[in-house]
Amino acid sequence: MAFLFKRNPKTPQDLVRTLIETVNKLDSSSDTNKKYQDECSRFLNQIKLTLYGTDDDSELLIPQSSDQISLLVTQIIQSDCLFQLISNLSKLDFDSRKDVSSLFSYLLRRQPTSTGVSTSSNTAILDYLTRGNPELLVMLIKGPESRENGLICGQILRECIKYEQICKFVLNHPLFWNYFKYVEIPVFELATDAFSTLHDLLVPHKKLTVEFLSKNYEKFMLNCNQLLLSKNYVTKRQTIKLLSDLLKRHNQEFINRYFDDTNNLKFIMLMLSDKSKNLQREAFHIFKFFVVNPKRSQKISDILIKNKENFIEFFNTFDVLQFHDNTLIDERDFVLKHIHGLPDIERIP
Amino acid sequence: MGAANKYYFEKCIGKGNFGDVYRAKSISSGKTVAVKVVCLDDSSDEMNQVIQEIHFLSKLRNKFITQYIESYLHGYNMFIVMEYCGGGSCSDLLRCHKHLDEGVVSYIIKGVLSGLSYLHAEHKVHRDIKSANILLTEDAQVKLADFGVSGEITMTRLKKNTFVGTPFWMAPEVIARSKTKGESGYNEKADIWSTGITTIELVTGYPPLSQYDPLKVLFEIPKKRPPILQGCSYSANIKDFVKYCLLKDPSKRPSSNTLLHHHFITRGSNVREKLIELINAKNVRMESKVKKPRHKISPANEHNSALSTPIVWTFETNRNLHSFLNIDLAMEQDESQGPTKHICQVEEKEEDKFKEETEMSHELVPTAPRSPVGRFAKDKACMLFYCLERVYHRGKNEFTKSAVAELMKSIQQHEQEQPGLCHTIVEEFERLLTTANNKP
């Protein structure tokens, strides 16, 4: 009965090589596809088993020697395995795609061990992704264009951009700007997933953000403000939240430019008068800085003065009590006081 | 928004605190689905949880959990389309049959443990196992529903003390940790506790402590000793099973995989036919009942907002002056354009200044009106109208503007009757100003 037990490749080299071979045989239009899918799934499982030392179905721990793991990791990175897996992602079965994602996160999170050589740390994979085969990252960046793989690619990409050097690569890539289109894709999951990627690219790495916004302020604000006009309620809320996240102290230069730009004030005012109470609240949290800014410029003041009565009318209807937030009420009162203090007659131009 | 017209809503089949569930038919395929409607504008934090949950749902595929199909947004409402389970929930079954016999309970709990086993391998804690969230298909397959979306939201509400659900199924460590406002550090073992409580619920008809006020129970569960299933009508196996599920120390509680090997589960007989009968009996009795949705699905444009009429913001700055200059030019076509140019220059200079220094004083202003004096020297009446025009444009609302317009109209009338009137008025102003200026 030995033939019932499929032979598994013995060494890590064999395993990786056979996986690559099988992945390349995948062809969704062929009858043999299911067979190769199953084989890929089996090999991926075996890799997972070696790396994580556990099986999904049981809590059984199979200890693997760290040499064995190092060898496998090196083999995966040195061969074109990851690239092949991502290129053929849509041909793999549902669970295998998730295995690919956990393979990436294992490789990326792997820390150098005391005994390990340099290849066992994650610097090898970072080098591979940014220099060895940057096409792979490009495929991941374009992930949202595929309905089938968008979410898996998004998950892998977000795992990658936790590392500053990869995040920098993506931010500087011309395809980065596609994310402002991806977030408007009509498929809800894809659009929102693309937005989490956009957020993770722009928010966590503060130094990169400062640099990026300084270089790309105009283009970024143009794209961002455009999203505030989206017909999609979720996109609007995510965008205004993103702006709030970026208007933080470490981004002083961005803050100065943002609050001195009458165009931004206009978009925030449009959000204030949106029907959604949450958009109103989020907009208020940005609007307040336009008003109380001690360095407020005349052109900003001009718009505020012109709309003095509108603001008073807005604050009459802005129902802060429903948010159960006392700070918000205090801030509302403070801003309203400033608004009341604005001159009644327009400045003579 | 095209997706909004893809389904035909038939009736409300369940209501929750965060959204109601409807039975709907796909217009293209005719397939019956369950659609959960969640309003995203009701709360400030829940939107991201719902989004995360949808991402998670779309990555799950297992026959013991209700399959996610798609979701779409319409206005503020999120529509989450899931597989429809025609057998309804186990709590519907209890409502109809009061309690279930052990064989049926063993079969149902086996399905629950199988579903949990999958979820836990995906590193997901269900958090809300109870009979209402265990669904049955018409051919008596068991499927877990409502993982996450409700579970996570329940947890945040509990932390923020805005919780309105019932805590009877909650593990003691879940309540304890949420009360300390710390991280939700509990793990998948919380689901095992809830499975134990659900076992008691299915076999007796009620979860323990259900006779008490839910708020009181919230304090009792962490303090009290775990409930035990008592009574000679229950077998030793089920009592033992419940005892293991309800170990107070989560680390001692067995995993779903281990519990699948418990005698209570493995020694169950095939009761599927029997369960199908129970489901049919229930469906016949419940079919006529229509649940009234707790939330109204409000279309985006009818959202209750205090802003009845949208505010129309005024954005243009300095544009008034330009339009004014145009009028001015039209009026004085034969005049030289020198002074007008002069005004424009002043304006440009001012704008440059704004760019340079942010703190702009209002002092620069008087230069502007002085310039047209030369142009109007011959006819001082024009000066008066020039000033009135400016007052008109400075008026910020229609009332002021129309008042000024009225004033201009009537001055014009008087001027026609008494030519030279306006000229004299301006002369008087001039005289006053010169004497005022010469005094110091």
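Given the structure is predicted, the values throughout are model-derived calculations rather than measurements.
- To the nearest 0.5 Å, the span separating CG on A:N278 from CG on B:L40 amounts to 9.0 Å.
- For the residue pair B:Y68 and A:E189, a side-chain donor N or O sits within less than 3.5 Å of a side-chain acceptor on the partner.
- Within a 6.0 Å sphere centred on CD of A:Q252, other residues, nucleotides and ligands contribute more than 12 heavy atoms.
- Proximity of B:H55 to A:Q155: side-chain heavy atoms (C-beta onward) are nowhere separated by under 4.5 Å.
- Nearest heavy atom pair, residue A:F94 against residue B:R61, reads CD1-CZ, 3.0 Å.
- More than 12 heavy atoms of other shown residues, nucleotides or ligands fall within 6.0 angstrom of atom OH in A:Y217.
- Proximity to chain B (any heavy atom under 4.5 Å) is shown, for A:F311, by both the backbone and the side chain.
- In terms of the side-chain hydrogen bond (donor to acceptor under 3.5 Å, both in side chains) criterion, residue partners of A:K34 (sequence neighbours excluded) are, by chain and number, A:D38.
- The shortest side-chain heavy-atom distance between A:V187 and B:E70 does not fall under the 4.5 Å cut-off.
- Atom NZ of B:K110 has 12 or fewer heavy atoms from other residues, nucleotides or ligands within 6.0 Å.
- Residues B:D41 and A:K277 approach most closely at O-CE, 2.9 Å, considering heavy atoms.
- B:Y72 places no side-chain N or O within 3.5 Å of a backbone atom of A:F188 that could act as its donor or acceptor partner.
- Of the atoms belonging to A:S196, it is side-chain heavy atoms, and not backbone ones, that fall under 4.5 Å from chain B.
- Both the backbone and the side chain of A:L270 have a heavy atom closer than 4.5 Å to some heavy atom of chain B.
- Residues B:Q52 and A:T192 have side chains not in contact (no heavy-atom distance under 4.5 Å, counting atoms from C-beta outward).
- Contact detail for B:M47 and A:Y233: the closest heavy-atom pair is SD-CE2, 4.4 Å.
- Atoms CG and NE2, from B:N48 and A:H199 in turn, are 8.5 Å apart once rounded to the nearest 0.5 Å.
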